[in-house]
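Take a look at the structure below.
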Number of protein chains: 2
Amino acid sequence: MASRGRRRSVGVVEMARDLGVSTATISRALNGSPSVRRELADRIRAHAQARGYVANRLARALSASTSRAFVGFVIPYVDTLAYSAVAAECASLLSAAGTQMILAITENDAEREYEQLRDLVGTRIAGLVISPTTHLLDETRRLLAELPVVELHRVSGIDAPSVLADDEQALTDSIVHLAALGHTDIAYLGTPRELSNGAIRLRGIRRGVAKAGLDPRRITMRLVEPTQENGRDATRELLTGGLPFTALVVGSGSLSVGAADAVRCSGRRLPDDLSLVVYGDPAWFVLADPPLTMIQVPYAGLARIAARLLLCALDARETGNPPPATGPHRVLAGLCVAGSTGPPPGRRP
Amino acid sequence: MASRGRRRSVGVVEMARDLGVSTATISRALNGSPSVRRELADRIRAHAQARGYVANRLARALSASTSRAFVGFVIPYVDTLAYSAVAAECASLLSAAGTQMILAITENDAEREYEQLRDLVGTRIAGLVISPTTHLLDETRRLLAELPVVELHRVSGIDAPSVLADDEQALTDSIVHLAALGHTDIAYLGTPRELSNGAIRLRGIRRGVAKAGLDPRRITMRLVEPTQENGRDATRELLTGGLPFTALVVGSGSLSVGAADAVRCSGRRLPDDLSLVVYGDPAWFVLADPPLTMIQVPYAGLARIAARLLLCALDARETGNPPPATGPHRVLAGLCVAGSTGPPPGRRP
DNA sequence: ATGAAAGCGCTAACAC
DNA sequence: GTGTTAGCGCTTTCAT
């Protein structure tokens, strides 16, 4: 019952009165300006500590018309390590730089994306990390053009650095790997061409087909929006579609969850009845029995790069230095062969 | 190259000049005050739209000394659906209420937790959702006492509503289930008593042991901090420790990931050599073969309650109404029997 | 090295 | 209904 009505917190004016100095001096001392007598500055800091002073970041940011108090982190979902791991790591790294990270979910909807962005611009964020929707609204583009942006996982043609898993080679490798095992009829379940990473992964598959000398007509492509549900449904359809494929490659973390489940439900044994290559989230694909052959992405590395790029971009804005290089910064993904891939049924030893 | 130097964004004063009205009128119109002529208000809104006006949330929040512009979401990690799913859902729900959610990661460290909280108080958050560390610093307690708090997954004795998985019964059920299958020697891998949810789950286990009439001395307890690594290590030690248990129950999502992997690595077949009950994350435990018997928690429901409680608490602050009931709000978790539990090796048919 | 004062962009009394 | 004005709590010239 002590402090029921929450007492207005101490501010610079109050402390200035306490110490018989001006608010300017308080501010300077607290911000480590060199132009304050050492001894005075120490006294001020001690007093602030004692009174439990916490600077009002709103006022600070409002005053210093350019501030890195806040940044945005705008993503479609958090259902996958690709987002959750990166979000956590970015929040940690940015916080160390005195920046708070506002989480905004678009659910992959361009309208929602725009609204979230508007709100973020409203709080005068210093910059943002975004995993953009497929078709940005024009208004969205306009907003993004105004501030430092780092694109994550996807690119949308705006003029910004991006950080991406370099997975084209890994997907190529997956096809080559399967071909080497004897597979000639392969299905690929991936994300739409319109998604920048979908296009790249698809190219990886195509390259693999060419490199392995497979007949493209015997490769089935199925491209759907990356959700677990879609992965499950599409896989079920593929499996019951009467197509002759003996191996399935999945090119997305979300799709992989659903696909793996659909395969299990179908009763297919891995790799005897079907070979399966999944994408992402190593922590739990290894739990499957057999452990799944997968394309592994180092998400923590991605996160570090994203955070570093953003902080660089902010520095650049403030100092007038050139911003970090536009264009993709890639982190190598690799094919990790485990137990879910083997020779096709016909060619069993 | 068009608008290189980013033009200062339009504000109320500029629009006031444009339209020959006062800033107050602008503000009123934009905030839907009834005391503005319909026709004028429309004209103002149209103009704002046309000029791409976006209100400065910092200024707004600073001015309206109490505002729900920001809330905090303070969690140890995001490595598990228990956090990532709830974070996403809360961000969505809060955003619909005009509130932005700042993500802060404590890594389960009391010092970091305090710093994050200080920073959040610095931005004058309206309230927060927190999954507190085990031993709150006194300073932390003091901060938390000053604002609306909703505790998530864990409680720390502060005077706040909390939202928790009601899993005691499910853990009891798991023991009863195993006992019914014939197990008498069971190991439980859980989180420490000091973690509020750890204590509850432990109690669930104890109740199960009593209810099933098992000999408590034949139950092995191993309590460790909830990380995947710990789950893996502890399980490995249990499996190589020469203890006679024939079933393992795991009482945490993170621990379950590591435990499942350690079991797989050990070569034990489920359920022939060992019965296993895991906790959480249904999406992928079903992928294991056999699908794992698990304790299932409806995280989306948890998230909705958390968001609702927080918004209620904010309303209460503003209106002076009584805040939402302190104490736990529970969402029922359930035992979901699948293929990883069966009769113990000795009693195989 | 320190102080006085002018904002930052908005809201909210208080006048008219 | 609408305008005037005084802040919100801080930073930052410009003086001294």
Side-chain angles (χ1 to χ4, degrees), chain A residues 6-45 48 51-70 98 119 121-126 318, chain B residues 6-45 48 51-70 98 119 121-126 318:
Chain A
R6 73 178 169 301
R7 58 175 184 286
R8 301 202 339 62
S9 50
V10 293
V12 281
V13 290
E14 187 166 347
M15 302 214 315
R17 255 203 316 274
D18 289 351
L19 271 53
V21 298
S22 79
T23 62
T25 304
I26 301 284
S27 172
R28 284 193 272 254
L30 262 24
N31 294 317
S33 156
S35 63
V36 178
R37 217 166 3 109
R38 251 306 289 275
E39 183 258 333
L40 212 207
D42 287 346
R43 206 148 52 84
I44 291 176
R45 278 190 284 265
R51 303 237 15 201
Y53 169 80
V54 181
N56 186 326
R57 292 172 68 102
L58 269 38
R60 193 203 291 269
L62 181 60
S63 173
S65 204
T66 168
S67 124
R68 55 176 62 186
F70 305 103
D119 289 350
V121 168
T123 92
R124 299 303 186 263
I125 53 169
E318 283 173 28
Chain B
R6 74 179 167 300
R7 58 175 184 286
R8 299 199 345 56
S9 50
V10 293
V12 281
V13 290
E14 188 168 348
M15 300 215 316
R17 255 203 316 274
D18 288 352
L19 271 54
V21 299
S22 79
T23 61
T25 304
I26 301 284
S27 173
R28 285 192 272 254
L30 262 24
N31 294 318
S33 157
S35 63
V36 179
R37 216 165 6 106
R38 250 307 288 276
E39 183 258 333
L40 213 206
D42 287 347
R43 206 148 51 84
I44 291 178
R45 279 191 283 266
R51 304 236 16 199
Y53 169 80
V54 182
N56 186 326
R57 291 172 70 103
L58 270 39
R60 191 203 293 265
L62 182 60
S63 173
S65 207
T66 168
S67 122
R68 54 176 61 185
F70 305 103
D119 288 350
V121 168
T123 94
R124 299 303 187 265
I125 52 168
E318 282 172 29

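Just so it is clear: chains get the letters A, B, ... in the order the sequence lines come, proteins before strands, and each one is counted from 1.
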Nearest whole angstrom, please: distance from the [atom2] of [N] to the [atom1] of [X].
{"X": "Leu19(B)", "N": "dT2(D)", "atom1": "CG", "atom2": "P", "result": "12 Å"}
{"X": "Arg17(B)", "N": "dT4(D)", "atom1": "CZ", "atom2": "C1'", "result": "17 Å"}
{"X": "Ile44(B)", "N": "dC10(C)", "atom1": "CD1", "atom2": "C1'", "result": "15 Å"}
{"X": "Met15(B)", "N": "dT11(C)", "atom1": "CE", "atom2": "P", "result": "10 Å"}
{"X": "Arg37(B)", "N": "dG3(D)", "atom1": "CZ", "atom2": "C1'", "result": "14 Å"}

Closest heavy-atom pair and its distance - Ala29(B), Val36(B)
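Heavy atoms of Ala29(B) and Val36(B) come nearest at N-CG2, 4.0 Å.
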Leu58(B) versus Asn56(B), closest heavy-atom pair with distance:
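So the two residues come closest at N-OD1, 2.8 Å.
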Think Arg57(B) forms a cation-pi with Phe70(A), using NZ or CZ under 6.0 Å from the six-ring centre and within 45 degrees of its axis?
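That pair does not qualify as a cation-pi contact.
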Dump the intermediate steps for side chain to side chain contact (heavy atoms under 4.5 Å, CB included) on Tyr53(B) and Ile26(B), then the final yes or no.
CA-CA 11 Å; Tyr53(B) 169 80; Ile26(B) 301 284; 5.8 Å; no
The contact string for nucleotides 10-16 of chain D, one letter per nucleotide 5' to 3', using protein heavy atoms under 4.0 Å with B, S and - for base, sugar-phosphate only and none, comes out as BBBB---
Answer whether the closest heavy-atom distance between the side chains of Leu19(B) and Met15(B) falls below 4.5 Å.
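No; the side chains remain at least 4.5 Å from each other.
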Hey, does Arg60(A) have a side-chain heavy atom less than 4.5 Å from the side chain of Leu62(B)?
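Of all side-chain heavy-atom pairs linking Arg60(A) with Leu62(B), none is under 4.5 Å.
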Do Arg124(B) and Ser9(A) have side-chain atoms, one donor and one acceptor, less than 3.5 Å apart?
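Ser9(A) and Arg124(B) do have a side-chain donor-acceptor pair below 3.5 Å.
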What's the angle between the local helix axes at either end of the helix from dA1(C)-dT16(D) to dC16(C)-dG1(D), using five pairs per end and rounding to 10 degrees?
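End-to-end axis angle for the helix from dA1(C)-dT16(D) to dC16(C)-dG1(D): 40°, rounded to 10°.
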For Gly20(B), which contact category applies under a 4.0 Å heavy-atom criterion: base, sugar-phosphate, or nothing?
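Here Gly20(B) touches the backbone only, sparing every base.
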Considering every strand and a 4.0 Å limit on heavy-atom distances, what is the contact class for Leu40(A): base, sugar-phosphate, or nothing?
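Sugar-phosphate contact only - Leu40(A) comes under 4.0 Å of backbone atoms but never of a base.
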Give me each pair satisfying salt bridge (Lys or Arg N to Asp or Glu O under 4.0 Å) with a member in residues 16-34 of chain B, each pair once, sequence neighbours excluded.
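Every salt bridge (Lys or Arg N to Asp or Glu O under 4.0 Å) pair that includes a residue of residues 16-34 of chain B, provided the two are not neighbours, is Asp18(B)-Arg51(B).
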